[in-house]
Amino acid sequence: MLEINFIRANKSRVIQGLKVKNFSEEDLKLVEGVLALDDARKEVQTNLDNLLAERNQLSKSIGSLMKEGKKDEAEAMRERVARLKEESTRLEDTLRDTKARLEEQLIKIPNIPHESVPPGATPEDNEVYKAWGEPLPELGAGALPHWELAQKYGVFDLELGVKLTGSGFPVYRGKGAKLERALISFFLDEAIAAGFEEIIPPLMVNEDTARATGQLPDKEGQMYYVERDNLYLIPTAEVPVTNIYRDVILDEGRLPIKMTGYTPCFRREAGSYGAHVRGLNRVHQFDKVEIVVLDHPDRSYETLRQMLAHVSGLLDKLELPYRILRLCGGDMSFTSALTFDFEVFSAAQKRWLEVSSVSNFETFQSNRMKLRFRDGKGTRLVHTLNGSALALARVVAALLENNQTPEGIVIPKVLRNYTGFELLN
RNA sequence: GGAGGAGUGGCAGAGCGGUUGAUUGCACCGGUCUUGAAAACCGGCGUACCGAGAGGUACCGGGGGUUCGAAUCCCUCCUCCUCCGCCA
């Protein structure tokens, strides 16, 4: 959520930014609407505050009059306060209502894109930030897509997942399970070596937590929900990990705070079938190592660059061909100011698969989360950033396909200490 | 799950219907003293909103209520502690 004061002070910049996110003229009226509602809010609040001030003063007088035994005067005053109360009750209702409407409108305004975000509406308009220079890997005749390789070598079993749970819940087996665990350990160890604190968070969160990172109220349909306990299964570790610092005021010297966490991620991904979602391309449960950074506004874009370098390093070490995209206004998430996607090339599918998304949210999340730091003069919102480092399922898909040989799947050197085998067959 | 107790500022801990946004101690920041430090002493020290400012308003786990007035009374939810039960 944007700060209302920011919108007020930077109205034209906000409108310009919304245009990059392809807001229509009609939608742009939200900005004026929000400012008008805030004006109304201020007015009501001022009136209410004045009324309450009067009430407080009268109540105090009643107290001293009672002590002095002047019952009649006190009684008269009591009646006046009673009338004030009627009006203040009315104003309180108006204030509550105005605030609710303001919030409802404000929550519809997405984050303002960073100046480097290219215009555009669809993924085709994303800018290739770093291309894969060398020729793309070519597989010989008879090369198989990962879902067939999985069957051949018993890496994972989606049909079995259907039996146990439903579609999109893979069951990893044998060396496939070991490979999964190896990747998780490798990613975590790399993050820890880069100075991130490892977190193992809860996999279910309450409403407040889901709201603070922006999953609610908008995207509840994307999360699994346990109605009986009013809990949500996390769609990413970002949610519980970032919320560790909800309602916290940090000392400036504590920034940056760097955290990493492995969790399974649960996404409902309402129905879509076809070749592009086969196998591990899109599933309801997948493993991911996430990195989260809370940083000073002056430094956050340098931090974002470092996070890109970290993720690049992982893919380099796995020897997977990848490219980095700078997302265009139309393809960015609601909450992000700047997002880079990492895609690995799936040689058998001849497609790029998204394996990471690294974003700077600036103050969009921290505002809703009331996550601030003290800078000597007062408090300021911190910048929050996060990225996948990395999402497992599609990395596994690409590894299986790109590394297939007649003898089996060749495990990247960097993983062999973790898997204990060089060949998955 | 059952029975009892408790939730107050960074921490500890008063207050239990009226000038208390909250005594006090510790921590922290500034000053005096000192060659420097410690000690001692003096001052400061929550957050948010409105306001140019003076100042005002709200917040004592969350929400609701009683009252002229609530940290203090009532209801409800949440959390923690003790005991019992169950359990990886």
Side-chain angles (χ1 to χ4, degrees), chain A residues 1-9 34-107 200-212 216-217 226-232 240 243-255 257 294 363 365-382:
Chain A
M1 193 159 64
L2 287 178
E3 290 172 276
I4 187 74
N5 290 335
F6 174 85
I7 298 177
R8 194 176 290 285
V34 152
L35 291 176
L37 275 170
D38 191 45
D39 287 339
R41 191 212 98 230
K42 284 185 188 180
E43 196 186 325
V44 175
Q45 180 149 62
T46 303
N47 290 339
L48 176 62
D49 283 358
N50 290 340
L51 219 58
L52 290 178
E54 197 179 341
R55 183 203 67 184
N56 287 343
Q57 208 171 0
L58 287 173
S59 290
K60 270 183 196 173
S61 319
I62 291 174
S64 28
L65 285 172
M66 298 286 267
K67 259 185 206 158
E68 293 166 31
K70 299 179 179 168
K71 287 247 160 58
D72 293 350
E73 286 180 50
E75 203 54 45
M77 226 171 241
R78 198 179 277 194
E79 274 170 40
R80 274 178 67 192
V81 178
R83 280 199 300 279
L84 280 182
K85 182 160 186 177
E86 273 176 42
E87 198 173 346
S88 69
T89 306
R90 196 175 55 75
L91 281 176
E92 269 166 11
D93 289 345
T94 312
L95 183 63
R96 199 194 321 264
D97 177 64
T98 310
K99 276 183 167 172
R101 283 194 299 151
L102 174 60
E103 166 101 6
E104 186 188 305
Q105 297 298 305
L106 197 53
I107 221 159
I200 301 180
L203 304 183
M204 292 191 193
V205 295
N206 60 31
E207 226 173 295
D208 286 345
T209 298
R211 187 175 303 279
L216 295 178
V226 182
E227 189 169 7
R228 189 165 172 183
D229 298 293
N230 196 22
L231 294 173
Y232 296 86
N243 267 279
I244 290 173
Y245 289 92
R246 169 156 51 92
D247 290 321
V248 170
I249 302 176
L250 294 158
D251 286 324
E252 191 170 10
R254 288 199 53 196
L255 298 173
I257 288 175
L294 315 178
T363 61
Q365 288 183 327
S366 59
N367 184 35
R368 213 187 280 193
M369 220 176 308
K370 297 200 174 58
L371 162 49
R372 292 159 288 176
F373 69 97
R374 242 183 284 273
D375 74 345
K377 278 183 267 196
T379 66
R380 288 175 68 187
L381 295 170
V382 314

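The chains referred to below are lettered A, B, ... by the order of the sequence lines, with proteins before strands, and numbering in each begins at 1.
- Here the side chains of A:Tyr232 and A:Val226 are not in contact, with every heavy-atom distance at 4.5 Å or above.
- Expressed to the nearest 0.5 Å, how far CG of A:Leu106 lies from CD of A:Glu3 amounts to 10.0 Å.
- Distance check on atom C1': B:U8 versus B:U79 gives 15 Å, rounded to whole Å.
- Using a 4.0 Å cut-off between a side-chain N of Lys or Arg and a carboxylate O of Asp or Glu, A:Asp93 and A:Arg96 qualify as a salt bridge.
- Distance from the side chain of A:Arg96 is smallest to B:G64 among B:C50, B:A58, B:G64.
- You'll find the side chain of A:Glu207 reaches within 4.5 Å of the side chain of A:Arg211, heavy atoms only.
- The stretch residues 202-212 of chain A has no heavy atom under 4.0 angstrom from RNA chain B at all.
- Within the 4.0 Å cut-off from OP1 or OP2 of B:C68, not a single side-chain nitrogen or oxygen of A:Ser61 is found.
- For the pair A:Arg55 CZ and B:U57 P, the computed distance is 9 Å after rounding to whole Å.
- For B:C49 and B:G21, the C1' atoms lie 16 Å apart once the distance is rounded to whole Å.
- Between A:Glu54 and A:Gln45, the residue whose closest nucleotide on RNA chain B is further toward the 5' end is A:Gln45.
- For A:Leu52, the listed nucleotide lying nearest its side chain is B:A58; candidates were B:A58, B:A48, B:G69.
- The side chain of A:Arg41 sits closest to B:C49 out of B:C49, B:A58, B:A48.
- Distance A:Asn47 CG to B:G56 C1': 13 Å, rounded to the nearest Å.
- The 5' end of RNA chain B is approached more closely, in terms of each residue's nearest nucleotide, by A:Lys60 than by the other of A:Lys60 and A:Ala53.
- Contact annotation: A:Arg78 side-chain N/O to B:U67 OP1/OP2 distance is not under 4.0 Å.
- The side chain of A:Lys42 approaches B:G51 more closely than any other nucleotide in the set B:G69, B:G51, B:U47.
- Residues A:Glu103 and A:Met1 are in side-chain contact: their nearest non-hydrogen atoms beyond the backbone lie under 4.5 Å apart.
- Atom pair A:Asp49:CG and B:A54:C1' shows a separation of 16 Å (rounding to whole Å applied).
- Here the separation of B:C75 from B:G5, taken at their P atoms, is 13 Å to the nearest Å.
- Not one N or O on the side chain of A:Asp251 forms a donor-acceptor pair closer than 3.5 Å with the backbone of A:Gly253.
- Taking side-chain N and O atoms only, A:Arg374 has a distance below 4.0 Å to OP1 or OP2 of B:U47.
- The nearest whole Å value for the distance from the CD atom in A:Glu103 to the P atom in B:C49 is 14 Å.
- One finds the CD1 atom of A:Ile249 at 4.0 Å from the CZ atom of A:Arg372 (value rounded to the nearest 0.5 Å).
- The A:Thr46 side chain lies nearest to B:C50 when the options are B:C68, B:C50, B:U57.
- The base of B:G56 lies outside donor-acceptor range of the side chain of A:Asn50, with no N or O pair under 3.5 Å.
- In this structure, A:Leu371 and A:Leu381 have side chains that are not in contact, with every pair of non-hydrogen atoms separated by 4.5 Å or more.
- Between B:C74 and B:C86, the distance separating the two P atoms is 35 Å to the nearest Å.
- A:Lys85 has a side-chain polar atom (N or O) that falls below the 4.0 Å cut-off from OP1 or OP2 of B:G69.
- Using a 4.0 Å heavy-atom cutoff across all strands shown, A:Ile249 reaches sugar-phosphate atoms only and no base atom.
- Taking the side chain as every heavy atom from C-beta outward, A:Asp247 and A:Met369 never approach each other to under 4.5 Å.
- In RNA chain B, runs of at least 3 stacked Watson-Crick or G-U pairs (N1-N3 plus N6-O4 or O6-N4, or N1-O2 plus O6-N3, all under 3.5 Å) give these stems: B:1-7 with B:78-84, B:10-12 with B:24-26, B:28-32 with B:40-44, B:46-50 with B:55-59, B:61-65 with B:73-77.
- Taking every side-chain heavy atom of A:Arg372 into account, B:A48 is the closest of B:U67, B:A58, B:A48.
- Side chain of A:Asn243 to main chain of A:Arg246: no donor-acceptor pair is present (N/O by atom type, distance under 3.5 Å, no hydrogens or angles).
- Between the NZ atom of A:Lys370 and the C1' atom of B:G62 there is a distance of 14 Å, rounded to whole Å.
- On the P atoms, B:C78 is 26 Å away from B:A88, given to the nearest whole Å.
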For residues 40-62 of chain A, which side-chain donor-acceptor pairs fall under 3.5 Å, sequence neighbours excluded?
| unit_1 | atom_1 | unit_2 | atom_2 | d |
| --- | --- | --- | --- | --- |
| A:Arg41 | NH1 | A:Asp38 | OD1 | 2.3 |
| A:Arg41 | NH2 | A:Gln45 | OE1 | 3.4 |
| A:Thr46 | OG1 | A:Lys42 | O | 2.8 |
| A:Asn47 | ND2 | A:Glu43 | O | 3.4 |
| A:Asn50 | ND2 | A:Thr46 | O | 3.3 |
| A:Asn56 | ND2 | A:Leu52 | O | 3.4 |
| A:Ser59 | OG | A:Arg55 | O | 3.1 |
| A:Ser61 | OG | A:Gln57 | O | 2.9 |

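- Nearest to the side-chain atoms of A:Val81 among the listed nucleotides B:C68, B:G46, B:C49 stands B:C68.
- Atom CG of A:Leu102 and atom P of B:C50 are 11 Å apart (whole Å).
- When the P atom is compared between B:A39 and B:G30, the two are found 14 Å apart, to the nearest whole Å.
- With rounding to the nearest 0.5 angstrom, the OG1 atom of A:Thr98 is 11.5 Å from the CG atom of A:Asp39.
- Across B:G18 and B:C11, the matching C1' atoms stand 30 Å from one another, rounded to whole Å.
- The nearest whole Å value for the distance from the CG atom in A:Leu58 to the P atom in B:U57 is 12 Å.
- Across the C1' atoms, B:G2 and B:G17 are found 35 Å apart, a figure rounded to whole Å.
- Protein atom CG of A:Leu84 is 15 Å distant from nucleotide atom C1' of B:G56, rounded to whole Å.
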